[in-house]
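Side-chain atoms are counted along with the backbone in the values below, which use heavy atoms only and exclude waters and symmetry mates. Nothing here was measured: the structure is a model prediction, and the numbers come from that model.
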Amino acid sequence: KACPFVVVSDVSARTDTIVHATVKLPAAAWGEKDGTVTNSERRISRQRTFLELPGDARPDWWHVAEVAKRMGHGAAFNWHGPSAIFAEHAALSGADNAGSRDFDISAHATISVAGYDGLRPFQWPLPAGCETTPSERFFADGNFYTADRKARAVAVRLPAIAAPTLEYPFTLNTGRIRDQWHTMTRTGQSVRLSQHLAEPFCEMHPADAAKLGIADASLVEVKNQYGKAILRALITLRQQVGSVFAPMHWSDEYASAARVDTLVAPVVDPVSGQPALKCVPVAVQPFAAVQFGFGVLSKRPSVIDAAYWAVAKTIDGWRVELAFATPVEDLGAFARLLFGSVDNDQTISYRDAASGQERIATFAGEKLRGALFVGPSPVAVSRTMLAAELQSDFSDVRARFRIIAGKPGSAQPDKGTIVCSCHSVGANEINAVIRSGQCCTVASVGDVLRAGSNCGSCRAEIGSMIRAHQPIAAE
């Protein structure tokens with residue numbers, strides 16, 4: 001935001017960075033690129049396109065070359081395609097090398113277009129004059145890439161890391177969760193990957209939560225001298241007393257205040273520049289919300305006027321979690337803005353003044369445009385069931401009252417929270433086969449429901465569900 005001229009090359013039109021772009025360069029996505037990739041065992045493989053470039057999208061190298069030309073360096077970036085770049089890269093890797101540097105693929109310094117197209121996977125280093133990699137395993141001969149071939153042990157001085165204090169008594173650890181990647185610019189658009197954990201959370205030990213008066217599924221404010229985040233409380237025994245965990249993925253595109261990087265101290269490793277992401281002193285306290293809400297929408301809203309919100313993709317629309325610091329004076333007006341309603345939409349609503357519960361559903365013809373549930377505490381309604389109703393036919397007006405009642409249709413049993421993203425298997429379905437005695441192992445749950453039978457990332461959670469149903473033997 002502070003930079004006077006920002007150029008962004010990306011495949012997504014909605015990111016936290018691109019809103020500040022002076023120039024936007026539409027980039028090619030993975031399946032649209034022609035080039036090479038290198039894996040962790042140093043193997044370089046050709047990657048060939050299998051999708052046409054959409055619209056104005058171009059490969060990264062093209063963007064770099066065109067910018068260079070406009071800066072007056074066209075002669076140095078005058079490549080005809082990826083093969084020319086690879087040949088230059090290979091030649092540079094061998095320049096003034098003679099075995100003094102580990103990376104050397106100069107055997108391909110004169111590769112042709114045809115040779116590049118037919119390039120077979122190989123491991124580096126591959127110096128000029130070699131047809132195969134001299135050693136599959138690095139340093140197997142005991143030699144290192146130093147003048148005397150001996151290893152260098154370098155003493156490093158770690159930057160000072162702040163310890164918890166009375167003001168900030170918790171240690172925040174940040175990291176990734178199983179279904180999301182980086183800042184969700186791609187995984188956040190996947191319905192399957194958004195079903196398991198659909199909003200940012202703060203995981204903490206039950207003893208810490210009880211001491212602070214924090215209930216499971218309530219909202220908490222995590223803060224320190226650098227920033228703050230508003231997250232959903234997830235109370236588990238996975239965290240130690242005094243430690244909390246928050247995922248790194250949610251950006252301003254998917255939540256109102258969930259960027260955990262705002263809490264990280266401006267302290268970095270002096271060599272690598274890596275921030276101290278794993279040990280951040282913070283304070284945790286209940287978030288003072290007077291109303292909570294949950295809604296499903298056929299279209300993503302452009303603006304959400306709430307102190308807390310988090311959106312996630314569903315099959316035919318979006319789901320949104322809400323919390324308000326002050327009461328919503330006109331819930332009907334708020335819902336119309338949230339749903340994007342038009343004059344000929346039909347709306348039904350329900351209000352219980354004694355309990356503070358309000359519900360609104362709006363229909364565009366035979367389809368649900370949006371449904372919103374609001375109350376003084378976190379809304380107790382099946383998120384999976386309501387999201388599925390965006391696909392339902394509401395030509396029968398009587399079926400519309402099912403939404404206001406928070407009841408699933410007869411053809412749509414409530415799966416509960418999705419545990420297995422691969423096969424869309426919910427917690428209610430898994431718990432049912434466990435309670436019935438039909439399944440007592442993770443493998444048997446996979447045989448009956450297919451849950452955990454594909455990528456396997458949900459098997460640990462299924463195992464925990466099985467153990468929770470097992471009786472505790474008397475001592």
Side-chain angles (χ1 to χ4, degrees), residues 7-12 15 17 24-71 73-140 144-145 176 181-187 189-190 272-274 455:
V7 181
V8 176
S9 171
D10 210 326
V11 301
S12 176
T15 69
T17 308
K24 302 175 185 178
L25 302 176
W30 174 75
E32 300 155 3
K33 291 182 179 181
D34 181 35
T36 61
V37 293
T38 307
N39 69 10
S40 56
E41 65 158 2
R42 317 187 320 275
R43 193 170 302 279
I44 299 175
S45 302
R46 276 285 279 120
Q47 175 180 302
R48 297 167 179 84
T49 59
F50 58 87
L51 293 172
E52 294 293 328
L53 287 170
D56 293 327
R58 295 292 183 270
D60 302 310
W61 71 263
W62 188 89
H63 284 161
V64 172
E66 292 300 313
V67 170
K69 290 175 184 177
R70 284 156 176 77
M71 294 178 68
H73 303 287
F77 292 83
N78 192 27
W79 302 305
H80 57 73
S83 62
I85 300 171
F86 187 81
E88 181 178 316
H89 176 52
L92 287 170
S93 72
D96 299 323
N97 194 335
S100 62
R101 301 191 304 271
D102 52 1
F103 183 76
D104 186 346
I105 57 170
S106 54
H108 294 298
T110 59
I111 194 168
S112 63
V113 175
Y116 183 74
D117 288 341
L119 183 67
R120 296 182 63 82
F122 69 96
Q123 274 186 303
W124 63 266
L126 192 65
C130 293
E131 295 185 2
T132 59
T133 302
S135 177
E136 183 175 329
R137 183 174 179 180
F138 249 0
F139 314 124
F144 292 81
Y145 288 92
R176 65 163 300 189
W181 182 252
H182 290 176
T183 53
M184 297 169 57
T185 52
R186 291 162 179 77
T187 55
Q189 299 180 48
S190 167
S272 69
Q274 175 71 27
C455 76

Item checked: Side chains of Val64 and Ser9 in contact at under 4.5 Å (non-hydrogen atoms) -> no

Item checked: Polar side-chain atom of Ser190 near backbone of Thr187 as donor-acceptor pair, under 3.5 Å -> no

Next item on the list: Answer yes or no: is there a donor N or O on one side and an acceptor on the other, between the side chain of Thr133 and the main chain of Gln123, under 3.5 Å?
Entry: yes

Notebook entry, point to check: Are any non-hydrogen side-chain atoms of Ile105 and Phe86 less than 4.5 angstrom apart?
Noted result: yes

Margin query: Can you confirm whether Glu131 is buried at CD, in the sense that more than 12 heavy atoms of other residues, nucleotides or ligands lie under 6.0 Å from that atom?
Written below: no

Margin query: So for atom CG, which belongs to Asn39, do other residues, nucleotides or ligands contribute more than 12 heavy atoms lying within a distance under 6.0 Å?
Written below: yes

Next item on the list: Kindly indicate whether the side chain of Leu119, heavy atoms from C-beta on, has any atom under 4.5 Å from the side chain of Ile111.
Entry: yes

Margin query: Donor-acceptor check, side chain of Glu52 to backbone of Glu32, threshold 3.5 angstrom: yes or no?
Written below: no

Next item on the list: Indicate the atoms forming the closest heavy-atom contact of Ala107 with Pro127, along with that distance.
Entry: CB-O, 3.3 Å

Next item on the list: Check whether any side-chain N or O of Arg42 sits under 3.5 Å from a backbone N or O of Glu136 as a donor-acceptor pair, and report yes or no.
Entry: yes

Checklist line | Shortest non-hydrogen contact from Asn97 toward Ser100 | finding: O-OG, 2.7 Å

Notebook entry, point to check: Would a distance-only check, ignoring hydrogens and angles, find a side-chain to backbone donor-acceptor pair under 3.5 Å from Thr49 to Leu51?
Noted result: no

Check: Just by modelled atom types, is the Ser12 backbone N or O under 3.5 Å from a matching donor or acceptor in the Arg186 side chain?
Finding: no

Check: Measuring from Leu25:CG to Asp10:CG, what's the distance to the nearest 0.5 Å?
Finding: 10.0 Å

Next item on the list: Compare every heavy atom of Ala95 with every heavy atom of Arg101, then report the nearest pair and how far apart it is.
Entry: NH2-O, 3.0 Å

Checklist line | Working for side-chain contact (heavy atoms from CB on, under 4.5 Å), residues Leu126 and His108 | finding: CA-CA 8 Å; Leu126 192 65; His108 294 298; 3.6 Å; yes

Note to self: I'd like to know whether CZ of Arg48 has more than 12 heavy-atom contacts from other residues, nucleotides or ligands below 6.0 angstrom.
What the structure shows: yes

Margin query: So, taking the atom named CZ in Phe103 and the one named CG in Leu92, what distance separates them when rounded to the nearest 0.5 Å?
Written below: 10.0 Å

Checklist line | Considering all heavy atoms, the nearest Tyr145-Pro125 contact | finding: OH-CG, 4.2 Å

Note to self: Looking at every heavy atom in both Ser83 and Val113, which two are closest together, and how far apart are they?
What the structure shows: OG-CG2, 3.5 Å

Notebook entry, point to check: Can the ring centroids of Phe138 and Trp124 be said to lie less than 6.0 angstrom from one another?
Noted result: yes

Notebook entry, point to check: How about Ser106 and Asp104: does a side-chain donor come under 3.5 Å of a side-chain acceptor?
Noted result: yes

Next item on the list: Would you give the length of the straight line joining atom CZ of Phe122 to atom OG1 of Thr36, rounded to the nearest 0.5 angstrom?
Entry: 7.5 Å

Note to self: If you apply the rule salt bridge (Lys or Arg N to Asp or Glu O under 4.0 Å), what do you find for Asp60 with Lys33, and how did you get there?
What the structure shows: CA-CA 9 Å; Asp60 302 310; Lys33 291 182 179 181; 2.7 Å; yes

Item checked: Step-by-step salt bridge (Lys or Arg N to Asp or Glu O under 4.0 Å) determination, Arg46 to Asp34 -> CA-CA 8 Å; Arg46 276 285 279 120; Asp34 181 35; 2.9 Å; yes

Margin query: Any side-chain to backbone donor/acceptor pair from Arg70 onto Glu66? Under 3.5 Å, distance only.
Written below: yes

Checklist line | Atom of His73, atom of Phe77 and distance for their closest heavy-atom approach | finding: O-CD1, 3.2 Å

Notebook entry, point to check: Is any side-chain heavy atom of Glu88 less than 4.5 Å from a side-chain heavy atom of Trp79?
Noted result: yes

